[in-house]
Each structure stands twice: as C-alpha cells, then as structure tokens.
Amino acid sequence: MRGVPAVLLAGPVSRARRLVSLLTGADLPSPLQGRRVMVTGASSGIGEATALACAARGAEVLLVARRADELRRVAVDITAAGGVAHCYPCDLSSGEAVDDLVKVVLAEHGGVDYLVNNAGRSIRRSIASSYERMHDYERTMEINYFGPVRLTMGLLPAMVDQGFGHVVNVLSWGVLVKAPKFSAYLASKSALDVFSRIAAREYLGDNITFTNVRMSLVRTDMIGPTGLYAKAPALTAEQAAAKVVRALEDRPVTVDPLPARAIDALNLLTPRVADLVFHAVHQRFRESSQARRHLRD
Ligand SMILES: NC(=O)c1ccc[n+]([C@@H]2O[C@H](COP(=O)([O-])OP(=O)(O)OC[C@H]3O[C@@H](n4cnc5c(N)ncnc54)[C@H](OP(=O)(O)O)[C@@H]3O)[C@@H](O)[C@H]2O)c1
C-alpha cells in the first residue's frame, strides 16, 4: 500500500502546479520532465501530436509504430525542437514483436515511466455486413486489445520495481455511447477499458495508475475514409493530444466528453429507450462505401 497516498495526491498536486503557473506566470516544470514516455501510434495523428507535446514538456519520448520512416520524421521534429526521442518500429498486432520491443526497451532504458496505448484501428461496419468478416473482429482485437495488454504487462514489472507508472489508453467515447456499426471496434476498445480499470485496482498500492481517455471525434487519417465525418465537429490532433497530456500529468481515472456521459446515463437509466434512439440512428445513417465492400482487405 506504499503508493496509495501518491496516487490520491497526483491529481490535486498536478492541478495546483498548473494553477500556480497560471497565477504567477512562473513556468513550473511538468511532471513529465525527465521521464521516459512511450507513445504507441506515434507515426501520425493523435500519437504524433502527443509525442511532440510530451517532448516539449521535457520528456524523453519512445516512439512506437510500424512505419519506421514516419517515426524518424517525428523524431527529427522533436530533436530539432531540442527534445529527446527514440524510434522503435514495431507491429503491435504481433505478440512476438511486442515481446521483442519490451526486451529492447528494458535493456536500453530499464523501463518506462509513462505508457500511452494509442495505436489502433477503427472499423465502421454493421453486424449484418460482417457475417463473412470474422477477421474484422480478430484484427481489431489484435491491435486495440491484445497488443496494448501484452505491452502493458511487459512493462509493468519494471514499473512495480521503480515504484511508479502511469498508463493512458486512447479509447473512444463510443465505449460509453455504444454506437451502432462499431461493434468490432468498440468491443475491442471496451475490452482494454475494462482490463485497465481492473489493473488500476490491482496496482494502486504500487503507485501505478491507469487513465482511460474516451476520446471524441478527431480529424486524423483514421476518419478519412468515412465521408459521414467530413462536416462533423471534430478535435484537431493537437487538441486531442492536449487531453492525453493532461491525463498523463493529472492521472485521472477517466477522461470523458460530457455528451458521452449523458448518453451513458441514458443507457443506464432507460436502456430500451436508448436502444430505440440508436436503432433510429442506425437506420438513418447508411453503411459507408468502404464498409459495403465485402472484399478481404
Ligand atoms: N480519430 C478519431 O476520431 C479517434 C477517436 C477516438 C479514438 N481514436 C483512437 O486514437 C488512436 C489514434 O488514432 P488517430 O486518430 O491518431 O489515427 P491515425 O493517424 O491513423 O493513427 C493510428 C496510429 O496507430 C498506428 N498503428 C496502427 N496499427 C498498428 C500496428 N499494428 N502496430 C503499431 N502501430 C500501429 C499507426 O502507425 P503505423 O501505420 O505507422 O503503424 C498510427 O500511428 C487510435 O487508437 C484510435 O482508435 C481516434
């Protein structure tokens, strides 16, 4: 139970630091300064913006994704701005590759202080269009659930030894909403959500914490293929990264958009009414042209 007071004080201390910075204009150091922060999916979108923001706060950033050239581009940007970054190309949907990544990172850095499980893939396709597409469910579980769980479990022992660790999962507000046409994606994100809530309870005494960021829509490559989102309000990658950085610094249990909380309450209080509303939404919005393709991609 040595870590309990530290966990309980993390949020208030970090918020007080920000308030003092705001009131006095003093540039107080971020809790991320000098810490090792691993960001997965750092080759684009939210992960790239998060890596840049963490490095700007003085963190030593470990960049993970498949595209080595894109990771190098991000690392060059970080070092050009005076930061420190290391590239670890890795396909997180391969268990072997994740085990190798853990080995190398433990050997080269002794572990990490913060882990951002951000890499992921999204699929918008109804269940009726998925009868022949079990691989959609398997692939989303591989990258959105098994990859981050394996990576987290690989890095946890070193966090326990050092008496500190914080894991931020970039999930989706759909985990609360339970939006139609996202059964594969949201089930995989929900699995990681639940894993981390339970891990938070098991590791609290070790001063290891977990934050589930249930992110709203963000304008990145990921939502590109879905024309439906072209005019929908969305955060920029930088705004999304600011939420992740706040989650790293304050270590809250969850970060939830308010509308998603309201829908979650509707799901809880009047589940059948919520089903009726979302059934109507499901009927109203058609499958995207990409989702209608029944080819193996
Ligand atoms: N955009 C949104 O509206 C939104 C909303 C809620 C949550 N999210 C979540 O935010 C996270 C980041 O997405 P984004 O919007 O920033 O999209 P993105 O720009 O497409 O980023 C996805 C990242 O995941 C990496 N990745 C994908 N498969 C991987 C694999 N097998 N191994 C290692 N890395 C892999 C990609 O890098 P490589 O291709 O180089 O491997 C890329 O860096 C995702 O988990 C997504 O579910 C997004």
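As the structure lists them, so they are numbered: ligands from 1, and atoms in each ligand from 1.
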Which one holds for [X] and ligand 1: side chain close, backbone close, both close, or neither close, with close meaning a heavy atom under 4.0 Å?
X: V64; answer: neither
X: Y185; answer: side chain
X: I143; answer: side chain
X: V218; answer: both
X: R121; answer: neither
X: A240; answer: neither

Who gets closest to [atom] by heavy atom: [options]?
atom: atom 5 (C) of ligand 1; options: S172, A234, S216; result: S216
atom: atom 15 (O) of ligand 1; options: L235, T220, V116, D91; result: T220
atom: atom 45 (O) of ligand 1; options: L192, N117, D221, N118; result: N118
atom: atom 13 (O) of ligand 1; options: M215, R66, M222; result: M222

Q) Are Y185 and Y137 an aromatic pair by the rule of ring centers under 6.0 Å? A)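 Between Y137 and Y185, which both carry aromatic rings, the centre distance is not below 6.0 Å.
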Q.
Can you confirm, on distance only, whether ligand 1 has an N/O atom lying under 3.5 Å from any N/O atom belonging to G41?
A. yes
Q. Is E96 atom CD crowded by more than 12 heavy atoms from other residues, nucleotides or ligands, each under 6.0 Å away?
A.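 12 or below, so no.
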Q | Pair E108, H86: side-chain N/O donor-acceptor within cut-off below 3.5 Å | A | no
Q) Numbering the atoms of ligand 1 from 1, which are under 4.0 Å from a heavy atom of A119? A) 24 (O), 25 (C), 26 (N), 34 (N), 35 (C), 45 (O)
Q.
Please determine whether ring pair (Phe, Tyr, Trp, His ring centres under 6.0 Å) holds for the pair F164 and Y114, giving the CA-CA distance in whole Å, both sets of side-chain angles, and the decisive distance to 0.1 Å.
A. CA-CA 9 Å; F164 177 84; Y114 295 85; 5.3 Å; yes
Q) Any non-hydrogen atom of S122 lying under 4.0 Å from ligand 1? A) no
Q: Measure the distances from the heavy atoms of K189 to every atom of ligand 1 and state whether one is below 4.0 angstrom.
A: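 Checking ligand 1 against K189, which is what was asked, there is a heavy-atom contact under 4.0 Å.
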Q) Is E249 salt-bridged to R246, going by a charged N under 4.0 Å from an acidic O? A)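 Looking at R246 together with E249, the answer is no, because their closest N to O distance does not fall below 4.0 Å.
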Q | Salt-bridge contact D256-R261 (side-chain N to carboxylate O under 4.0 Å) | A | yes
